[in-house]
Amino acid sequence: DDHDGVIGLAARGSDGYIALPPLVDGTGVTREMERPHIRMFDDRLYLFWSVQAEVFSPACSGWPTGLYGATAEAVQGSWSLLN
C-alpha cells in the first residue's frame, strides 16, 4: 500500500534500537505524517504532526493540509485523535 504512514516509536536496547508499535498508524489513510512532536499540558500528552492534502489516499480525498493531533496519558498510548 502506498499509503502506509506511521508515527513510530523505538527504544534503546543493548544492541541498538528496537522498533516498538507505532504511536499512530495512518495505514490506508496517508503516506506521510511529518514533524511529529509531543507536548504535555495539564498532565496529558498531546502529539501533533503535519500532513499535506496530496498525500492522503484516494478514499480520503478532500481532507485538508494541516496540523493533526492526538492525546494520551502515556507515550505508549493509547492515543485518541483530537476533534
Side-chain angles (χ1 to χ4, degrees):
D1 187 354
D2 288 340
H3 298 91
D4 57 0
V6 298
I7 296 177
L9 181 63
R12 189 172 180 178
S14 59
D15 293 332
Y17 287 93
I18 301 163
L20 299 174
L23 301 181
V24 178
D25 187 340
T27 300
V29 176
T30 183
R31 66 176 180 257
E32 293 178 5
M33 301 170 84
E34 299 180 321
R35 299 176 197 89
H37 54 284
I38 295 174
R39 298 286 183 249
M40 180 174 274
F41 181 76
D42 284 344
D43 296 322
R44 287 202 60 85
L45 296 171
Y46 290 83
L47 169 64
F48 297 98
W49 64 94
S50 62
V51 180
Q52 304 298 317
E54 61 270 7
V55 300
F56 283 112
S57 73
C60 302
S61 67
W63 289 18
T65 291
L67 186 66
Y68 289 78
T71 185
E73 293 182 2
V75 171
Q76 294 83 4
S78 104
W79 291 89
S80 299
L81 297 177
L82 299 173
N83 298 329

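The shown structure was predicted, so the numbers you read here are calculated from the model rather than taken from an experiment.
When all heavy atoms of P64 and A53 are compared, the closest pair comes out as C-CB, 4.2 Å. Nearest heavy atoms, L20 versus A11: CD1-CB, 3.8 Å. When every heavy atom of R31 is checked against every heavy atom of E54, the shortest pair comes out as NH2-O, 3.9 Å. Taking each heavy atom of Q76 and L9 in turn, the nearest pair found is CG-CD2, 4.4 Å. The nearest pair of heavy atoms linking Y46 to F41 is CE1-O, 3.7 Å. G77 approaches A72 most closely through the heavy-atom pair CA-CB, 4.2 Å.
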side-chain contact (heavy atoms from CB on, under 4.5 Å) assessment of V29 paired with W63: CA-CA 10 Å; V29 176; W63 289 18; 3.6 Å; yes

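Using a 4.5 Å cut-off between side-chain heavy atoms of Ile, Leu, Val, Met, Phe, Trp and Tyr, with links allowed through other members, V55 and I7 fall into the same hydrophobic cluster. Under the 4.5 Å side-chain heavy-atom criterion for grouping Ile, Leu, Val, Met, Phe, Trp and Tyr, L67 is not connected to F56 through any hydrophobic cluster. Note: the hydrophobic cluster containing L45 also contains V24 (ILVMFWY, side chain heavy atoms under 4.5 Å, direct or indirect links).
Partners of T65 under the side-chain hydrogen bond (donor to acceptor under 3.5 Å, both in side chains) rule, at least two apart in sequence or in another chain, do not exist in this structure. Listed by chain and number, the residues in a side-chain contact (heavy atoms from CB on, under 4.5 Å) with A70 are W49, W79, L81 (sequence neighbours excluded). Shown here are the ring pair (Phe, Tyr, Trp, His ring centres under 6.0 Å) partners of F48, two or more places apart in sequence or in another chain: H37. Partners of E73 by salt bridge (Lys or Arg N to Asp or Glu O under 4.0 Å), not counting sequence neighbours, listed by chain and number: R44. Among residues two or more places apart in sequence or in another chain, the side-chain hydrogen bond (donor to acceptor under 3.5 Å, both in side chains) test is passed with R35 by S50.
Screening L82, I38, T71 against L47 for a side chain to side chain contact (heavy atoms under 4.5 Å, CB included) leaves a single residue, I38.
Here the side chains of H3 and T30 are not in contact, with every heavy-atom distance at 4.5 Å or above.
Every pair tested for salt bridge (charged side-chain N to carboxylate O under 4.0 Å, His left out) that includes a residue from residues 56-72 fails, sequence neighbours excluded, so the list is empty.
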